[in-house]
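Take a look at the structure below.
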Amino acid sequence: MTDVPDTLHLTVQHPRPGLAIATVAGDMDTRTADSLRRKASEIIEEGCPHLILDLAQVRFCDSAGLSALIGLWHAAQAAGGALGLADVPDRLMRMLVLTGVDAVLPVHATAAEALTTMTNGPSTSTADRSGPQSP
């Protein structure tokens, strides 16, 4: 059996106090989902409960990657923050729509749009919206 290296990388920016933008590059799958969840959870726990995941460089996402996104949404909510997705690739967007997760996780065209929405919007928590609260 061939050892497959972790093919997921996160680059983090802190544009505002309490808010981080994490650029995700690589595959979000069974090999990398735990790493994604752990690294992004650390960002939330270290004082950035509002987290934007820029997914433009994600090549592949399976159900484990989707589960990691949902887990991160819960972690952000528990910390009094919010999770937003930005620049979601078409294949992943179809998965979000088919599973209904797009109704819970805010999806933005760009990280800049997500940043504007999360800092200037009326609410940074999906708990204030009507509709389903848990995927």
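Heads up: numbering here begins at 1 and tracks the sequence.
Leu55 and Val97 fall within a single hydrophobic cluster, where Ile, Leu, Val, Met, Phe, Trp and Tyr are joined by side-chain heavy atoms under 4.5 Å apart, directly or via other members. Grouping the Ile, Leu, Val, Met, Phe, Trp and Tyr side chains by contacts below 4.5 angstrom, directly or via other members, places Met93 with Leu105.
What you find for Ala68 and Ala33 is that their closest heavy atoms are CB-O, 3.8 Å. Closest approach of Pro49 and Gly80 over heavy atoms only: CB-C, 4.4 Å. In terms of heavy atoms, Pro106 sits closest to Leu83 at CD-O, 3.2 Å. Ala76 and Ala82 make their closest contact through CB-C, 3.7 Å (heavy atoms, listed as atom of the first residue, atom of the second, distance).
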Verdict with supporting geometry, Arg91 and Cys61, side chain to side chain contact (heavy atoms under 4.5 Å, CB included)
CA-CA 8 Å; Arg91 287 182 182 175; Cys61 181; over 6 Å; no

Are Arg94 and Asp90 close enough, and set up right, to give a salt bridge (Lys or Arg N to Asp or Glu O under 4.0 Å), and what steps lead you there?
CA-CA 6 Å; Arg94 284 192 295 272; Asp90 290 340; 5.1 Å; no

Step by step, work out the side chain to side chain contact (heavy atoms under 4.5 Å, CB included) result for Leu96 and Leu85.
CA-CA 11 Å; Leu96 295 175; Leu85 307 180; 3.8 Å; yes

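To the nearest 0.5 angstrom, Ile21 atom CD1 is 13.5 Å from His50 atom NE2. Rounded to the nearest 0.5 Å, atoms CZ (Arg59) and CG (Leu92) are 14.0 Å apart. We find the CD-CZ distance between Glu42 and Arg37 to be 13.5 Å, quoted to the nearest 0.5 Å. The distance from atom CG of Leu8 to atom CG of Asp29, rounded to the nearest 0.5 Å, is 8.5 Å. Taking CG of Leu115 as the reference point, atom OG1 of Thr110 lies at 9.0 Å (rounded to 0.5 Å). A distance of 6.5 Å separates CG of Leu53 from CG of Leu72, quoted to the nearest 0.5 Å.
When side chains are defined from C-beta on, His14 does not count as touching Leu19, because their heavy atoms never get closer than 4.5 Å. Within the 4.5 Å cutoff, the side chain of Asp87 has no heavy atoms near those of the Gln57 side chain. Ile43 is listed as a side-chain neighbour of Leu10, based on a closest heavy-atom distance under 4.5 Å. Using a 4.5 Å heavy-atom cutoff, the side chains of Leu69 and Val101 are not in contact.
Checking side-chain atoms of Asp62 against main-chain N and O of Thr30 turns up a donor-acceptor pair under 3.5 Å. Although no hydrogens or angles enter the test, the distance criterion places a donor-acceptor pair under 3.5 Å between the side chain of Thr32 and the main chain of Asp27. With hydrogens and angles disregarded, a donor-acceptor distance shorter than 3.5 Å links the side chain of Asp54 to the backbone of Ala56.
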